[in-house]
Amino acid sequence: MFGINLEKIDIEGSIFSGQSFRWERTENEHKTCHGVVDGKLLIIEYGNVNSPVLKSTSRLIDGKSLEEFARRYFSLDIDGSNAFPESFKRTYPEVWQLLQPYLQVKILRQAPFETLVTFMCAQGIGMNIIRRQVKHLTEKLGTRHRFVLESGPIVYHAFPTPEALASADPDALKLCTNNNCIRARNIVDAAAAVASGRLDLEALRDPEMPLETARERLCRERGIGLKIADCVMLFGLQRFSAFPIDTHVHQYLGAWFSFGEALKSLTGKTYLSLQRRAAELFDPELAGFAGHILFHAWRKEVKRLQSF
DNA sequence: CTCCAGGACACTT
DNA sequence: AAGTGTCATGGA
C-alpha cells in the first residue's frame, strides 16, 4: 500500500470499458475502483479525497512497481492543460473557463485488443448497454480470477483473449452484443484477425507509422469505421493526437466552435473535414487528449448526462 | 409516444 | 455526392 495523489485524476472521466478497471460506488459515498490487469488485482479507494489509497494484491506488475505501473496506466505523465495553447484560451475564453474542472481527466493507456472490441460494442447505443455487453463478454469468455481481501473474496474476469473471442460461437456471442448479429460476427472476425497475426495491433503503436496509415489498417476490418479506429488509436495505442468524433464531439464542435460542417450529418467527408479543423485548435500532439476533456465537459455541463 | 444513445454499412435519389 | 434506412435496446 502506498499513497498516490488521486486528486490529480478525474477517475470518473476515463473509465469506459469498465473491465480493465471497474468503478463501483458503495453506500456512503465511498468510491472504489478495482479491476484485473495482467492477472493482478488493482484496487483504488478514495472515500476521502485527502487520503486516497492505491493497493494491489501484488507488489509487482510487469516487473514494474505498482506506482510505476499506475503512473503510466493513468497517464499521470501527461498534463491535459498542455493540450490547449494560448490562442485557444484567448479565442474561446468562456469554453476555457468551463473546462477548468475537467483538465484533470486522464486517458487510460488501455490494452489495444480490449479497446478494439469494447468500442466495436459501442455503435449507436447508450453507455449502459455498452457496459452490459462488455460485462457479458468478460464473464462468458474471460479468465476468472478470485481474490481474497479483508472484506471477503472477490471474483473478477479478465478481458477475453483474441483466441477466446475468435473461437466463440457468433450465435452465443449475440448475448454480448445486444442481440446484434452483424456486430457479433464482426467482433469474431476482428478477433480472428488479431489472433492469427493478420492484424498486428502492436505494430500500429510504432510512432514512425503515420496516424493515417494506422487508421487505414484498422478500417480494413468490417465494423471498424473512422471513429472506432480513432478511438482505438487514442485509448489503446497511446496515439494522443488521434481525435475521434462521435455524436457528442460532433455537437460541441458546432455549439462551441461554430463549425459549419457540424450542422450536417456525420458522413466520412464531414468527419475528416471537422477533424482537420479541430486539430488546428489544439496542440497537435495532444489533440485527442483535448477532445476527451471537451467530451466530458460537454456531456456533464451541457447535456447533463450522468456518464458513469 | 418519440427521440437519442461514444456508428457502420447498404441502399436510394 | 448526399441523404435515408437498418440494426437493437433502454432510458429520458
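Chain letters run A, B, ... following the sequence lines, proteins first, then strands; residues in each count from 1. These values consider heavy atoms only, across backbone and side chains, with no hydrogens, waters or symmetry-generated copies.
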Novice: Between A:Q251 and A:T247, does a side-chain hydrogen bond (donor to acceptor under 3.5 Å, both in side chains) hold up when you go through it step by step?
Specialist: CA-CA 6 Å; A:Q251 290 167 26; A:T247 173; 3.1 Å; yes
Novice: Are A:N179 and C:dT9 close enough that a side-chain N or O sits under 4.0 Å from OP1 or OP2?
Specialist: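 Affirmative; the distance criterion is met.
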Novice: If only atom types and distance count, is the side chain of A:Q275 paired as donor or acceptor with the main-chain N or O of A:F243 below 3.5 Å?
Specialist: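 Side chain of A:Q275 to backbone of A:F243: a pair is present.
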Novice: Atom CG of A:L108 to atom C1' of B:dG6: distance rounded to whole Å?
Specialist: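 Atom-to-atom, A:L108 to B:dG6, this comes out as 15 Å.
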Novice: For the residue pair A:C121 and A:I187, what are the closest heavy atoms and their distance?
Specialist: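 So the minimum-distance heavy-atom pair works out to SG-CD1, 3.8 Å.
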Novice: Is it true that A:L175 and A:I182 fall in one hydrophobic cluster, defined by side-chain heavy atoms closer than 4.5 Å?
Specialist: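 Unlinked, A:L175 and A:I182 end up in two clusters.
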Novice: Scan A:K174 against the nucleic acid and name what it touches under 4.0 Å (heavy atoms): base, sugar-phosphate only, or nothing.
Specialist: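 No contact at all - A:K174 keeps every heavy atom at 4.0 Å or more from the nucleic acid.
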Novice: So if I take every side-chain heavy atom of A:I182 and compare against B:dG6, C:dC7, C:dT9, which nucleotide ends up nearest?
Specialist: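 Given the options B:dG6, C:dC7, C:dT9, the side chain of A:I182 is closest to C:dC7.
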Novice: Taking the side chain as every heavy atom from C-beta outward, state whether A:L237 and A:M209 have any pair of such atoms under 4.5 Å apart.
Specialist: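 A:L237 does not reach A:M209 side chain to side chain.
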Novice: So does A:K303 get a side-chain nitrogen or oxygen closer than 4.0 Å to the phosphate oxygens (OP1/OP2) of B:dA5?
Specialist: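 For B:dA5, OP1 or OP2 has a side-chain N or O of A:K303 closer than 4.0 Å.
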Novice: Does a side-chain N or O of A:R299 approach OP1 or OP2 of B:dG6 to a distance below 4.0 Å, or not?
Specialist: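 Indeed, a polar side-chain atom of A:R299 lies that close.
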Novice: Taking the side chain as everything from C-beta on, heavy atoms only, tell me whether A:V134 gets closer than 4.5 Å to A:F159.
Specialist: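 Yes; the side chains approach each other to less than 4.5 Å.
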Novice: Between B:dA10 and C:dA8, how many Å separate the two P atoms, rounded to a whole number?
Specialist: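 15 Å, rounded to whole Å.
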Novice: Select from A:I129 and A:R222 the residue whose nearest nucleotide in DNA chain B is closer to the 5' end of that strand.
Specialist: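 It is A:I129, whose closest nucleotide lies nearer the 5' terminus.
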Novice: Checking contacts here: which listed nucleotide (C:dT9, B:dA5, B:dA8) is nearest the side-chain heavy atoms of A:R132?
Specialist: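 For the A:R132 side chain, the nearest candidate turns out to be C:dT9.
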Novice: Under 4.0 Å between any heavy atoms, over every strand shown, what does A:C181 touch: base, sugar-phosphate, or nothing? Just pick one.
Specialist: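 A:C181: backbone/sugar contact only, no base atoms under 4.0 Å.
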Novice: Heavy-atom count check: over 12 atoms from other residues, nucleotides or ligands less than 6.0 Å from A:K264 NZ?
Specialist: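 Check fails, neighbour count at 12 or below.
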Novice: Within residues 250-281 of chain A, find the residues that approach DNA chain B with a heavy atom at under 4.0 Å, and present them sorted by residue number.
Specialist: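 Of all residues in residues 250-281 of chain A, the ones placing a heavy atom under 4.0 Å from DNA chain B are A:Q251.
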Novice: Give me the distance, rounded to whole Å, that separates B:dT2 from C:dG5 when you measure between the P atoms they each carry.
Specialist: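 B:dT2 and C:dG5 have their P atoms separated by 15 Å.
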Novice: In whole angstroms, how far is the P atom of B:dG7 from the CD1 atom of A:I245?
Specialist: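 For the pair A:I245 CD1 and B:dG7 P, the rounded distance is 12 Å.
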Novice: Starting from P on C:dA8, measure out to CD1 on A:I125 and report it in whole angstrom.
Specialist: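 Taking CD1 of A:I125 and P of C:dA8, I get 11 Å after rounding.
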Novice: Closest-nucleotide mapping onto DNA chain B: is A:D246 or A:N186 further toward the 5' terminus? I mean the 5' end.
Specialist: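 Comparing both residues, the 5'-ward one is A:D246.
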Novice: How close or far is atom P of B:dG6 from atom CD1 of A:I293, stated in whole angstroms?
Specialist: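 Checked: the CD1 to P distance equals 19 Å.
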Novice: For the pair made of CZ in A:F295 and P in B:dA5, what is the distance, rounded to whole Å?
Specialist: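 Roughly 10 Å, once rounded to whole Å.
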Novice: Looking only at side-chain N and O atoms, does A:N180 come under 4.0 Å of OP1 or OP2 in C:dA8?
Specialist: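 Yes.
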Novice: Measure CD/A:Q133 against P/C:dG10 and give the value in whole Å, please.
Specialist: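 About 11 Å, once rounded to whole Å.
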Novice: From CG of A:N128 over to C1' of C:dT9, roughly how many Å is that when rounded to an integer?
Specialist: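 Distance, rounded to whole Å: 11 Å.
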Novice: If I take atom NZ from residue A:K174 and atom CZ from residue A:R185, how far apart are they, to the nearest 0.5 angstrom?
Specialist: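 Output value for this atom pair is 12.5 Å.
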Novice: How many Å lie between CZ on A:R183 and P on C:dT6, as a whole number?
Specialist: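 Result: 16 Å.
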Novice: Suppose you measure atom C1' in C:dT4 against the same atom in B:dG6; what distance do you get, rounded to whole Å?
Specialist: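 Each nucleotide's C1' atom is 22 Å from the other's.
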